[in-house]
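Down below is the structure, laid out as structure tokens.
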Amino acid sequence: MSTSVTTLTGNRGLQVEEKLIFEQDQPGRTAVDLPAVEPYLDRLGGLRRRGAIGLPGLSEPQVVRHYTRLSQKNYGIDTGFYPLGSCTMKHNPRLNEKMARLPGLADIHPFQPESTVQGALKLMHQLAHWLKTLTGMPAVALSPAAGAHGELCGVMAIRAALEARGETRTKVLCPESAHGTNPATAALVGFEVESIPATADGRVDMAALKARLGPDVAAFMVTNPNTCGLFERDIIEISQAVHDAGAYVYMDGANYNAIVGRVRVADLGVDAMHINLHKTFSTPHGGGGPGSGPTVLSAALAPYAPVPYVVEQADGSFHLVEQVLEATASGQQPFGRMKGYHGQFGVFVRALSYMMAMGRDGLFQASGDAVLNANYLLARLSAALSPSFDGPVMHEALFDDRFLKDTGVTTLDFAKAMIDEGFHPMTMYFPLVVHGALLMEPTETESRESLDAFIEAVLGLAERAKAGDAEAFQQAPRLTPRRRLDETAAARRPVLRWTPSVE
Ligand SMILES: *Cc1c(COP(=O)(O)O)cnc(C)c1O
């Protein structure tokens, strides 16, 4: 099959080969006419810019076309199925966007007097209430900017609690299947990380954990459901053992979508857990888009929660406690603050809008449907692919590359071929506990038809791989604006800045 279609222009049908905006520069061209600048007294002294400012000159229609064409090359949950495991790429109801754009919420500023932002503070207070109610935990820090930042918040609270006890504990334990942010967080806070092996059924090896616990261990960080898509059935016993050793339990809540409305995290013995609002409670994310990682804390850690936080006062008004001194007066001992201002307010609005629209019954149904969808994928793909562990799974299904053995096709090749078939690939090569991982998370909002279409494509590709058509896979993707990229070079030697070619 011939795959390279060449055209005179380099365009492919109505898909225009888009130059960088800097390459489209026409110096002096602008979208507006500005009057000539009157003579003025320059007070910049020697600081005046000497070189060109370096912005490209384009007309308004050129700018509009450039960004519109780029947006058409983008693939997102609004264009198709997005089974990225661990990422919970769920539908983002438009209602959330409408709420986030209300001028009374979108146009306020953190420096406004408190009396003028009472509604915003009430919204934060209400969101905190929902998160505490869903998890059964007594406190929540809303300010962390994303999941990894929430981990940092939780582990800093753990360190503060240990310091208050006058203890120095140097180790944080993580299971082998942990998301990379867990050990990174522990290391950033100054702990040494040790890994706890998994059992053959993909869960924490209880005996190994118990054997390792001791007076040097500050915390055990565990994702639950874990990154293999499995519920850690022994979590209560794990928490008990960790507490008996004087350590704390950090639960990575990135997979909360599978259990929301069904499991009260407090009942599992957890001391701290971040909630990725952008995953579980739906905000468009990815590509560095906004996150928000509120972190719920147990009674043992609550006193060390960072500022700021909202309190309701006796007269019913809301107040943002911003100073450590002010917090201390109430008996709190905040370890400090996580970021400027109060957190990702736009995501707070979306999350609360989502929760209120769904209601308790809706959230309960969402987690159930997420698990159902993942098990449907697992059931229909198990014969052709190689599932890593026995199901049933929670909200995502993990496969490894045993089904590709001796085909010459790798997990990466398989993923690239999926792009040609119109599907965003699943998460690849994570978690590291299995070889050549393919981690698929369908989310609850996918219909039976979209799951079936995806399954048919994956089954077809698996059959093709086994039939010995390795070359087609190695060449994939063939139909995208760019063919296979050198991802290693892009990661190791990124070119982050455009420089004009010298002629
Ligand atoms: C997404 C994720 C994180 C990190 O969350 P961010 O919001 O991306 O910082 C941590 N752990 C797991 C298991 C995740 O899936």
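Count residues from 1 along the sequence. Counting starts at 1 for both ligands and their atoms, in listed order.
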Check your understanding: What is the distance from atom CG of Leu84 to atom NZ of Lys279, rounded to the nearest 0.5 Å?
Key -> 9.5 Å

Check your understanding: Does Arg360 CZ have over 12 foreign heavy atoms under 6.0 Å away?
Key -> no

Review point. Distance-only, no hydrogens or angles: does the Ser367 side chain make a donor-acceptor pair with backbone N or O of Val260 under 3.5 Å?
Key: yes

Point to revise | Asp413/Lys416 ion pair, N-O < 4.0 Å | key: no

N/O to N/O under 3.5 Å, ligand 1 against protein:
residue, atom, partner, partner atom, Å
ligand 1, 5 (O), Asn276, ND2, 2.9
ligand 1, 7 (O), Gly147, N, 2.8
ligand 1, 7 (O), Asn276, ND2, 3.1
ligand 1, 7 (O), His278, NE2, 2.8
ligand 1, 9 (O), Gly147, N, 3.2
ligand 1, 9 (O), Ala148, N, 2.8
ligand 1, 11 (N), His179, ND1, 3.4
ligand 1, 11 (N), Asp252, OD1, 3.4
ligand 1, 11 (N), Asp252, OD2, 2.6
ligand 1, 15 (O), Ser86, O, 2.8
ligand 1, 15 (O), Ser86, OG, 2.7
ligand 1, 15 (O), Lys279, NZ, 2.8

Exercise for review: Output yes when a side-chain donor or acceptor of Asp234 lies under 3.5 Å from a complementary backbone atom of Ile238, and no otherwise.
Suggested key: no

Check your understanding: Is it the case that more than 12 heavy atoms not belonging to Lys73 sit under 6.0 Å from its NZ atom?
Key -> yes

